[in-house]
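As a basis for the values below, the full set of heavy atoms in this structure was taken, side chains included, without hydrogen atoms, waters or symmetry mates. For clarity, every value in this text was computed on a predicted model and none was experimentally measured. Both counts, for ligands and for their atoms, begin at 1 and track the order of listing.
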Amino acid sequence: MSVMDNLSRVRQQIAAAALRAGRDPARVKLVAVTKGVPVEIIRQVLIPGVDGLGENRAQELLSKYEELPPDVEWHFIGHLQTNKVKKIIGKVSLIHSLNRWSLAQEISRVACEKGLTARVLVQVNASGEKTKSGLHPQEVEEFVAEASSLPGLEICGLMTIAPWTENPEEVRPVFRQVKELSLRLRQNLQARMDYLSMGMSGDFEVALEEGANILRIGTAIFGWRV
Ligand SMILES: *Cc1c(COP(=O)(O)O)cnc(C)c1O
């Protein structure tokens, strides 16, 4: 299967899942996760069109940023080291992985210095897995309330990574919990919850059915990474 074939199959699956959920597939963003994928291959998905490219390491994002067209919408989806913030602010459209106060402060500081507003999602560790990054669901409301007061930083929603499973039905409650949390934040804090970034290759249909509107998909498009 070529990358183009994979992409069109993923698009069809997204359309079908959106239909099942009574959602408009045009309002679901597909971010192709390109970690480990060479730029020649990434170019193949830029033509039929994905909504953005996602990277989880600053260095890799920066080198691809130089090589790919300037209109690419970049998403930072991995653990962000505080000392890398100044390199990516102004280049990425959305940081999905705000997971600690020191990072919020640094994003705010750098954005203000550059005269920009950085758009971020708060990463939630909804399953409580020790190996996963993100705030505990019970910490999120207070964190969002405090981080919302920082200048230069705009919280636009939540992101989560579900545990890996053979059967994506098992993680449906994880997605549902994050959706409910976003509704609560909207109600209690009038927080802008424009985006819910949930769903990867193994579970994006279930995530979409539960309210995701940004899907981060790597392997289902590019094949198994080495
Ligand atoms: C790698 C990665 C993805 C994509 O995972 P696939 O299973 O390859 O689709 C999504 N989100 C994050 C944060 C990732 O690191």
Margin query: Just checking Arg57: does its CZ atom have more than 12 heavy atoms from other residues, nucleotides or ligands closer to it than 6.0 angstrom?
Written below: no

Show the atom names and distances, to 0.1 Å, of all donor-acceptor pairs under 3.5 Å that link a side chain in residues 199-209 to residues at least two apart or in another chain.
unit_1 : atom_1 : unit_2 : atom_2 : d
Ser201 : OG     : Thr219 : N      : 3.3
Ser201 : OG     : Thr219 : OG1    : 3.4
Ser201 : OG     : Ala220 : N      : 2.9
Asp203 : OD1    : Met200 : N      : 2.6
Glu209 : OE1    : Arg172 : NH1    : 3.1
Glu209 : OE1    : Arg172 : NH2    : 2.7
Glu209 : OE2    : Arg20  : NE     : 2.8
Glu209 : OE2    : Arg20  : NH2    : 2.9

Check: How many angstroms lie between atom CZ of Phe143 and atom CG of Asn99, to the nearest 0.5 angstrom?
Finding: 7.5 Å

Next item on the list: Taking only heavy atoms of Ile217 into account, list the atoms of ligand 1 that are under 4.0 Å away from them.
Entry: 9 (O)

Item checked: Glu106 bridged to Arg109 by N-O distance under 4.0 Å -> yes

Next item on the list: Examine the proximity of ligand 1 to His96 and report which part, side chain or backbone, both or neither, has a heavy atom under 4.0 Å away.
Entry: neither

Checklist line | Test salt bridge (Lys or Arg N to Asp or Glu O under 4.0 Å) applied to Glu73 - qualifying residues, sequence neighbours left out | finding: Lys29

Checklist line | Element-labelled atoms of ligand 1 that are located less than 4.0 Å from some non-hydrogen atom of Ile161 | finding: 13 (C)

Margin query: I'd like to check which ligand 1 atoms, numbered from 1 as shown, lie under 4.0 Å from a non-hydrogen atom of Arg216.
Written below: 4 (C), 9 (O), 10 (C), 11 (N), 12 (C), 13 (C)

Next item on the list: Just jot down the ligand 1 atoms closer than 4.0 angstrom to any heavy atom of Thr219, in number order.
Entry: 6 (P), 7 (O), 8 (O), 9 (O)

Check: In terms of atom number and element, which parts of ligand 1 are under 4.0 angstrom from non-hydrogen atoms of Ser201?
Finding: 6 (P), 7 (O), 8 (O), 9 (O)

Checklist line | Gly218 N/O to ligand 1 N/O under 3.5 Å | finding: yes

Check: Is Glu180 salt-bridged to Arg184, cutoff N-O under 4.0 Å?
Finding: no

